[in-house]
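Only one structure is covered here, and it is reproduced in the block below.
Every heavy atom of this structure was used, including side-chain atoms; hydrogens, water molecules and symmetry mates were not. The model shown is predicted, which means the values in this text are computed figures rather than measured ones. Counting starts at 1 for both ligands and their atoms, in listed order.
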Amino acid sequence: MKLRDFLNLLEKEGKLSRIKKEVSTEYEIANILYSLNENPTIFENVKGYDFSVFGGITSNRDIIAEGLGTTKEKLLFKLVDALRDPKDPTMIKDAPCQEVIVKKPDLDRIPVLLHLAGDGGKYVSAGVAIIKDPEMGRNMCYHRLMQIGKNTFTARLIKKRQTRTTYDKTEGDLEMAVCIGSSISVMIAASLGPPPGVDELSIANALDETPLTKCVTKDLEVPAESEFVIEGRITRNVDREGPFVDLTETRDFERKEPVFVVDCITHRRDAMYQALIPGRLEHKMLMGMPKEPTIYDEVSKVVKCKNVLITMGGGSWLHGVVQIEKKNPDDPKKAIDAAFRGHGSMKHVMIVEEDVDIYDPNALEWAVATRFQGDRDLVIYPDQPGSSLDPSGKHEPGKKTRTTKIGVDATIPSNVDPSKYEKVKYTKVDLDDYLR
Ligand SMILES: Cc1cc2nc3c(=O)[nH]c(=O)nc-3n(C[C@H](O)[C@H](O)[C@H](O)COP(=O)(O)O)c2cc1C
């Protein structure tokens, strides 16, 4: 569904808030979104700016699923299908995102948010960046941008991500277009990390029709329905980037990162700027959920995988749950190994069976309480490559973080009477018969 159609639908369903009171981009919008639990919201009156701001459209699985025309339960399989079968997008002219073309850009006209005291500066946090690699083709990925001037940002380009790899082998500047104000399909596709060479825009198009248009000043294609497109170049200059709050809600420190120079901004006539508050629900959903299909694919190679969840409590990055149909005693162990292959940054994974509701944290704890024995069902891998986002990992400058990984087999033990492990069920009655 197109972004604007989706916002209209959410409003009709009573799921969207409109804030008409004047609000500030400095902390206030971030704090309101936080207080609203990041429910979809439009800020109509932004102090000092001509544009409105919206946020919250990826803050939970139900909303994301609705935006992709599916349900929470079927979402994983929709992502798996799109990853397996990307579809080339069509190209269009006269795109909505180019209704206005600004060739002398001034970033101070765009309501870029200041999120938290202690941040390095104002940050674009929901921008999806598109580049072209001469060998690998198009790539779309999130890159946070810290505004450092009227037409400059520093861009956080993490090593081994395609943008960084392409930048590192480029002589001179690398063209990049950053889209702000995207449909759910674009947002989800940008957060997926398919194998190098697989075009995330074709994945977006497989999730939902996503026509593209040519940039005005760069040899790049962008989703035609975007609200804003920032066309520019990642230069060889570096400058200060950070501190910034990351997924674990702890501070990522200040670094030197490449300077992104903005050459042109295009936007819809009544463009809406997209907010995404760092470290919180939307950030977490978009980081963790796209790892579920890659874990699913790896686990499916070795056992019958039924579902996968990256949990919010683990920062939506470090903890996963894999639901399997256990056929052999060693299936959980195989699933643990495969799950770590499917998401290299995961630290702890739990294996459960189909009778456990993986979306219910109490049910997961119950499975550990009633099915797991530490001396029999715990798998420990010490000194593994780990996530830089985990403050408890072993961090040494210039080296990959090291961590201990743990797998918890909370499935029903083999060679026992399974009925002993089944949760008994009461029968739900029609209360109208009793409560008159
Ligand atoms: C909200 C959000 C912000 C992100 N910020 C960054 C970032 O600043 N820099 C970065 O390199 N990756 C960032 N990522 C992660 C990449 O988008 C993600 O890992 C992507 O899948 C990388 O795929 P690629 O290697 O194909 O480019 C962010 C992800 C999300 C969801």
Side-chain angles (χ1 to χ4, degrees), residues 30 33 38 55-59 64 79 82-83 86 113 115 119-121 123-133 135-147 153-169 174 176-182 184-204 234 241-249 252-255 257-258 260 274-295 310 312 315-317 342-346 387-389:
L33 277 170
E38 286 166 72
I57 58 164
T58 58
S59 54
I64 293 173
L79 300 189
L83 273 162
L113 300 194
H115 299 98
D119 282 359
Y123 265 97
V124 170
S125 52
V128 298
I130 295 164
I131 56 129
K132 236 177 230 172
D133 180 281
E135 282 100 44
M136 295 299 171
R138 217 158 39 199
N139 189 73
M140 175 165 71
C141 168
Y142 287 86
H143 289 290
R144 68 189 190 220
L145 302 174
M146 189 177 98
Q147 192 184 332
F153 291 106
T154 35
R156 170 75 173 127
L157 307 182
I158 298 174
K159 288 249 179 276
K160 294 206 175 130
R161 303 241 159 100
Q162 189 62 54
T163 315
R164 181 85 212 197
T165 309
T166 305
Y167 172 75
D168 285 345
K169 69 181 186 190
L174 174 67
M176 180 163 89
V178 176
C179 306
I180 306 170
S182 303
I184 301 270
S185 49
V186 170
M187 292 192 76
I188 297 296
S191 60
L192 293 166
V198 177
D199 174 27
E200 284 95 347
L201 282 159
S202 300
I203 295 176
I234 322 177
E241 189 278 328
F244 180 81
V245 169
D246 218 314
L247 265 194
T248 40
E249 294 171 71
D252 196 3
F253 51 84
E254 184 182 315
R255 303 178 174 80
E257 288 285 336
F260 175 51
Q274 186 167 13
L276 185 151
I277 55 174
R280 296 294 306 167
L281 302 177
E282 285 203 87
H283 194 178
K284 286 193 163 71
M285 283 309 306
L286 289 168
M287 278 299 281
M289 204 182 62
K291 291 293 165 199
E292 293 165 3
T294 58
I295 297 171
I310 296 288
M312 283 284 188
S316 205
W317 196 239
H343 175 24
S345 292
M346 189 158 62
S387 169
S388 62
L389 296 180

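Looking only at distances, no side-chain donor or acceptor of Glu254 sits under 3.5 Å from a matching main-chain atom of Gly120. Distance alone, capped at 3.5 Å, is enough to place a donor-acceptor pair between the Ser125 side chain and the Leu276 backbone. A donor-acceptor pair is defined here as one N or O able to donate and one able to accept, closer than 3.5 Å; such a pair exists between the side chain of Asp133 and the backbone of Glu135. Formation of a donor-acceptor pair under 3.5 Å by the Gln162 side chain with backbone atoms of Pro196 is not found in this model.
Regarding atom 12 (N) of ligand 1, its nearest protein heavy-atom neighbour is Arg161 NH1, 2.9 Å. In terms of protein heavy-atom proximity, atom 25 (O) of ligand 1 is nearest to Gln162 N, 3.1 Å. The nearest protein atom to atom 31 (C) of ligand 1, hydrogens excluded, is given as Leu286 CB, 3.4 Å; this is a heavy-atom distance. The protein non-hydrogen atom at the shortest distance from atom 16 (C) of ligand 1 is Cys141 SG, 3.5 Å. Among all protein heavy atoms, the one lying closest to atom 17 (O) of ligand 1 is Tyr142 N, 3.1 Å. Distance from atom 8 (O) of ligand 1 to its nearest protein heavy atom, with residue and atom name: Arg144 N, 2.8 Å. The shortest contact between atom 27 (O) of ligand 1 and any protein heavy atom is with Asn139 ND2, 3.0 Å. In this structure, the protein non-hydrogen atom closest to atom 29 (C) of ligand 1 is Met287 SD, 3.2 Å.
Across Ala190, Gly193, Pro278, heavy-atom proximity to atom 23 (O) of ligand 1 is greatest for Gly193.
Below 30°, between 30° and 60°, or above 60°: for Tyr123 and Phe244 the angle between ring planes is between 30° and 60°, a tilted geometry.
Residue His283 places no N or O, backbone or side chain, under 3.5 Å from any N or O of ligand 1. Among the atoms of Ile158, some N or O lies under 3.5 angstrom from an N or O of ligand 1. The shortest N or O to N or O distance between Arg156 and ligand 1 is below 3.5 Å. In terms of N/O distances under 3.5 Å, ligand 1 is approached by His143. Below 3.5 Å of separation, one finds an N or O of Leu192 facing an N or O of ligand 1.
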CA sep, side-chain torsions, deciding dist, call: Ile295, Ile310, side-chain contact (heavy atoms from CB on, under 4.5 Å): CA-CA 10 Å; Ile295 297 171; Ile310 296 288; 3.7 Å; yes

Determine whether Glu38 and Ile277 satisfy the following criterion, side-chain contact (heavy atoms from CB on, under 4.5 Å), listing intermediate values before the conclusion. CA-CA 8 Å; Glu38 286 166 72; Ile277 55 174; 3.7 Å; yes

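The two residues Ile180 and Gly127 have their closest heavy-atom pair at CG1-CA, 4.2 Å.
Each of the following atoms of ligand 1 lies closer than 4.0 Å to a heavy atom of Glu200: 26 (O). Here is the list of ligand 1 atoms found below 4.0 Å of a heavy atom in Ser191: 21 (O).
Looking at Ala155 against ligand 1, nothing comes within 4.0 Å, counting heavy atoms. Under 4.0 angstrom from ligand 1, there are no non-hydrogen atoms of Glu282.
The cationic group of Arg255 lies under 6.0 Å from the six-membered ring centre of Phe253 and within 45° of the ring axis, placing it in a cation-pi geometry.
Here Arg138 pairs with Asp199, Glu221 under the salt bridge (Lys or Arg N to Asp or Glu O under 4.0 Å) rule; sequence neighbours left out. With sequence neighbours left out, Lys284 forms a side chain to side chain donor-acceptor pair (under 3.5 Å) with Glu249.
For Arg164, the closest heavy-atom approach to ligand 1 does not fall below 4.0 Å.
The closest side-chain heavy-atom distance from Ile158 to Arg164 is not below 4.5 Å.
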